[in-house]
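The block underneath contains the structure these notes are about, expressed in structure tokens.
Just so we're on the same page: letters track the sequence lines, and every chain starts at 1.
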Number of protein chains: 2
Amino acid sequence: MVDQVRRFNRVVTQHVGALNERYLARSHSLGEARVLWEIGAEGCDMRSLRVRLGLDSGYLSRLLGTLASAGLIAAGTSERDRRIRTVRLTRSGLAERGILDERSDVLAHALLEQLSDEQRVRLCAAMGEVERLITAAGVAVGISDPAHPEARQCIRAYFAELNRRFDAGFDPSVSISAEDDELAPPAGVLVLARLRGRTVGCGALKFHGDGRADVKRMWVAETARGLGVGRRILADLERRAAVAGAWTLCLETNRTLVEAIGLYRSAGYREVARFSNEPYAHHWFEKHLVGTPPSTS
Amino acid sequence: MVDQVRRFNRVVTQHVGALNERYLARSHSLGEARVLWEIGAEGCDMRSLRVRLGLDSGYLSRLLGTLASAGLIAAGTSERDRRIRTVRLTRSGLAERGILDERSDVLAHALLEQLSDEQRVRLCAAMGEVERLITAAGVAVGISDPAHPEARQCIRAYFAELNRRFDAGFDPSVSISAEDDELAPPAGVLVLARLRGRTVGCGALKFHGDGRADVKRMWVAETARGLGVGRRILADLERRAAVAGAWTLCLETNRTLVEAIGLYRSAGYREVARFSNEPYAHHWFEKHLVGTPPSTS
DNA sequence: TCCATTCTCTGACTCTAGTCAGAGATATTC
DNA sequence: GAATATCTCTGACTAGAGTCAGAGAATGGA
């Protein structure tokens with residue numbers, strides 16, 4: 001398997017990587033082209049640009065300077081925070097970006113047209129699979145303070161989705177509580193799943209102290225579904241539960257959350273009789289952990 | 001499809017490409033690491049190194065200089081041609097190369113271990129598919145002079161394989177002739193398939209002048225099988241035949257060449273009665289081309 | 001209000017990658 | 001044997017990519 005990955009890396013970097021970037025950049029430097037592309041049609045602030053591209057602030061400043069003096073971008077100042085500068089593409093910047101776009105198409109075409117129809121279909125399917133799985137491998141699950149803005153936003157998105165999907169909407173104050181202090185050690189734990197800096201899911205535990213813990217706040221952002229993020233969050237929670245000495249996990253869920261129910265079933269959760277009076281729940285599940293907890297990787 | 005390819009390129013270059021090379025190089029510059037790797041365990045001459053890596057001779061000379069002064073490689077002079085310099089890895093050069101090797105393994109592991117067993121299997125399968133198809137797309141089929149060393153070597157390899165596979169060996173002088181002048185315009189045509197500078201297959205036409213042409217010298221190197229090279233060569237020959245006004249293609253083949261027979265059948269060749277007295281043949285095929293020849297891409 | 005922090009910008013660097021022209025040694029061809 | 005070609009090496013460049021330190025403006029918290 002390792003060999004396969006290495007062979008793949010080799011072939012792909014030679015045929016797609018270097019070639020690609022060099023070719024696309026052509027009239028600009030590589031850095032300029034990357035920035036031009038990353039700014040996007042709607043513009044963005046310099047800070048997020050720096051984070052997304054992982055550039056030094058001085059370097060980025062200079063890159064933007066040359067792009068601005070070439071008339072491709074217009075810089076401005078954020079209204080909310082006047083330290084932050086915003087950039088957007090000018091008309092000619094958009095045109096330039098269109099050219100990059102087109103070149104990218106040409107390059108993709110050049111690859112595809114060497115193949116038969118059947119090979120093309122197979123290539124695209126395999127590329128989709130590789131892309132999805134590499135993205136999945138980029139997801140990192142880690143503990144977070146429930147009060148952190150990131151965590152707050154994630155929980156908010158979770159509530160918003162529940163409100164959208166539940167037949168009668170969702171009001172957290174009616175539901176069983178899971179406040180900040182209940183989801184922070186030692187009472188509980190909150191984990192977030194991150195993908196390239198963006199939060200794409202969460203999950204939490206509430207320890208009961210009697211060897212039992214509730215699984216709460218299980219959620220995956222729509223953009224990250226199908227990557228196995230939910231399964232990873234759940235596995236992470238189970239590991240943490242076992243470490244904390246909670247060998248029985250309990251959870252309740254609403255009948256409209258079919259993916260979640262599927263996940264719980266396939267992860268070994270057994271449906272049990274109602275054990276709480278959560279007003280939004282239709283199903284109650286339980287799982288007894290066994291064996292020693294695997295080490296945290 | 002184009003979008004799929006572009007998304008793939010994006011994800012892969014970000015996650016595999018840049019990261020990979022930078023990480024692997026670490027203690028050396030990227031160029032040095034590439035050279036160190038490409039020299040290989042047996043050493044090679046500087047010229048082929050230059051061609052394979054596509055480097056300027058001055059630049060390569062300097063890279064080798066630094067590697068030599070670091071004691072990683074030893075330079076020498078070719079015995080056959082004293083202009084040509086050879087390089088080989090020293091003991092510590094081999095060790096250094098081993099480190100690069102190991103890092104590559106570590107990197108591959110890091111990717112795999114983020115995934116579940118099932119995902120891992122799927123990723124490897126998809127990577128294999130992408131790798132194979134991208135390699136296949138890199139194959140270029142083009143016309144060649146039969147007297148060119150490359151063509152000669154290819155035909156020689158073809159004969160060697162026939163000799164290995166035919167029950168009673170193969171002696172070209174007994175077989176129906178296909179000499180240089182018969183395979184060069186206007187009497188015929190020889191095409192070679194090339195993959196990254198290496199010849200990986202051939203095929204030829206012998207025009208009869210009555211709207212018929214023989215397909216000869218169909219061969220694909222073992223290292224390049226399963227990439228659809230044979231099919232591409234055949235399609236290329238058919239295009240050339242049609243352009244030259246030969247609308248019926250004929251060929252004979254030996255019963256041991258099962259892949260070739262499969263290819264002919266699936267490409268629309270119909271088995272017909274013996275039409276030649278080729279001593280090594282067991283099967284005779286024919287195909288009538290229809291429609292206008294597609295443009296040469 | 002003051003102090004620490006955040007954000008961008010500027011100057012001064014380093015290192016890599018790569019190009020170009022030409023010199024000198026060696027082969028090949030006529 | 002002379003002319004031409006091939007191969008490597010050296011010197012002199014350029015441009016890109018990126019780092020580091022610090023200045024100045026703006027903001028947020030005690």
Side-chain angles (χ1 to χ4, degrees), chain A residues 13-14 17-19 21-39 43-70 73-88 147-149, chain B residues 13-14 17-19 21-39 43-70 73-88 149:
Chain A
T13 45
Q14 282 192 357
L19 182 95
E21 301 221 304
R22 284 294 141 85
Y23 171 72
L24 290 179
R26 264 202 326 210
S27 44
H28 304 281
S29 78
L30 185 55
E32 282 169 28
R34 288 213 300 158
V35 169
L36 204 55
W37 183 265
E38 197 69 29
I39 288 173
C44 65
D45 57 286
M46 195 166 150
R47 180 160 201 292
S48 74
L49 211 52
R50 212 177 62 222
V51 173
R52 273 183 289 166
L53 293 170
L55 298 175
D56 173 84
S57 65
Y59 184 31
L60 178 59
S61 172
R62 244 175 292 262
L63 283 176
L64 291 175
T66 50
L67 287 174
S69 67
I73 63 171
T77 312
S78 165
E79 288 164 13
R80 287 213 325 275
D81 183 339
R82 297 214 326 267
R83 290 170 303 183
I84 295 178
R85 305 213 63 195
T86 60
V87 282
R88 58 175 186 75
H148 193 283
Chain B
T13 45
Q14 283 193 355
L19 181 95
E21 300 222 304
R22 284 294 141 86
Y23 172 73
L24 290 178
R26 265 204 322 213
S27 44
H28 304 281
S29 78
L30 185 55
E32 282 169 29
R34 286 215 298 159
V35 169
L36 203 56
W37 183 265
E38 196 70 28
I39 288 173
C44 65
D45 58 287
M46 196 167 148
R47 181 159 200 291
S48 74
L49 210 53
R50 213 178 60 222
V51 173
R52 272 184 290 166
L53 293 171
L55 297 175
D56 173 83
S57 64
Y59 183 33
L60 178 59
S61 172
R62 244 175 291 261
L63 283 177
L64 290 174
T66 51
L67 287 173
S69 66
I73 62 171
T77 310
S78 164
E79 288 165 12
R80 286 214 324 277
D81 182 339
R82 299 216 323 267
R83 291 170 303 181
I84 294 178
R85 307 213 62 193
T86 60
V87 282
R88 58 175 188 74

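- Remark: the A:R83 side chain and the C:dT8 base include no donor-acceptor N/O pair separated by less than 3.5 Å.
- Distance from the side chain of A:R47 is smallest to C:dT8 among D:dT10, C:dT8, D:dC7.
- In this structure, B:G31 reaches the sugar-phosphate backbone alone: every heavy-atom distance under 4.0 Å involves primed, P, OP1 or OP2 atoms, never a base.
- Between B:R62 and B:D45, the residue anchored nearer the 5' end of DNA chain D, judged by the nucleotide with its closest heavy atom, is B:D45.
- A 4.5 Å side-chain heavy-atom check between A:L55 and A:L63 finds at least one atom pair inside the cut-off.
- As judged by a 4.0 angstrom heavy-atom cut-off over every strand, B:D81 is placed among residues touching the sugar-phosphate backbone only.
- For B:C44 against B:L49, the heavy-atom pair with the smallest separation is SG-CD1, 3.7 Å.
- Applying the salt bridge (Lys or Arg N to Asp or Glu O under 4.0 Å) test to residues at least two apart or on different chains, the pairs with a partner in residues 45-64 of chain A are A:E38-A:R52.
- Regarding A:L60, its CG atom lies at a distance of 16 Å from the C1' atom of C:dT6, rounded to whole Å.
- When all heavy atoms are compared, the tightest approach of B:A75 to B:R85 is CB-NH2, 3.6 Å.
- In this structure, CZ of B:R50 is placed 19 Å from P of C:dA17, rounded to the nearest angstrom.
- Taking atom CE of B:M46 as the reference point, atom P of D:dT6 lies 17 Å away to the nearest angstrom.
- One can place CZ of B:R34 at 9 Å from P of C:dA17, the figure rounded to the nearest angstrom.
- In this structure, A:R85 does not reach the D:dA26 phosphate: none of its side-chain N or O atoms is under 4.0 Å from OP1 or OP2.
- Residues forming a salt bridge (charged side-chain N to carboxylate O under 4.0 Å, His left out) with B:R88 (at least two apart in sequence, or on another chain): none.
- Where A:R80 and A:L55 each meet DNA chain D at their nearest nucleotide, the meeting point lying more 5' is that of A:L55.
- Between the C1' atom of C:dA21 and the OH atom of B:Y59 lies a distance of 19 Å, rounded to the nearest Å.
- The phosphate of D:dA17 has OP1 or OP2 within less than 4.0 Å of a side-chain N or O from A:S29.
- Per the geometry, CD1 belonging to B:I84 stands 12 Å off P belonging to D:dT6, to the nearest Å.
- Considering only side-chain atoms of B:D56, the nucleotide from C:dC20, C:dT8, D:dG18 that sits closest is C:dC20.
- Atom CG in B:L63 sits roughly 13 Å away from atom P in D:dT10 (whole-Å rounding).
- Counting to the nearest Å, the P atom of D:dG18 and the CG atom of B:L30 are 12 Å from each other.
- With hydrogens and angles left out, the side chain of B:R82 and the base of C:dT26 share no donor-acceptor pair within 3.5 Å.
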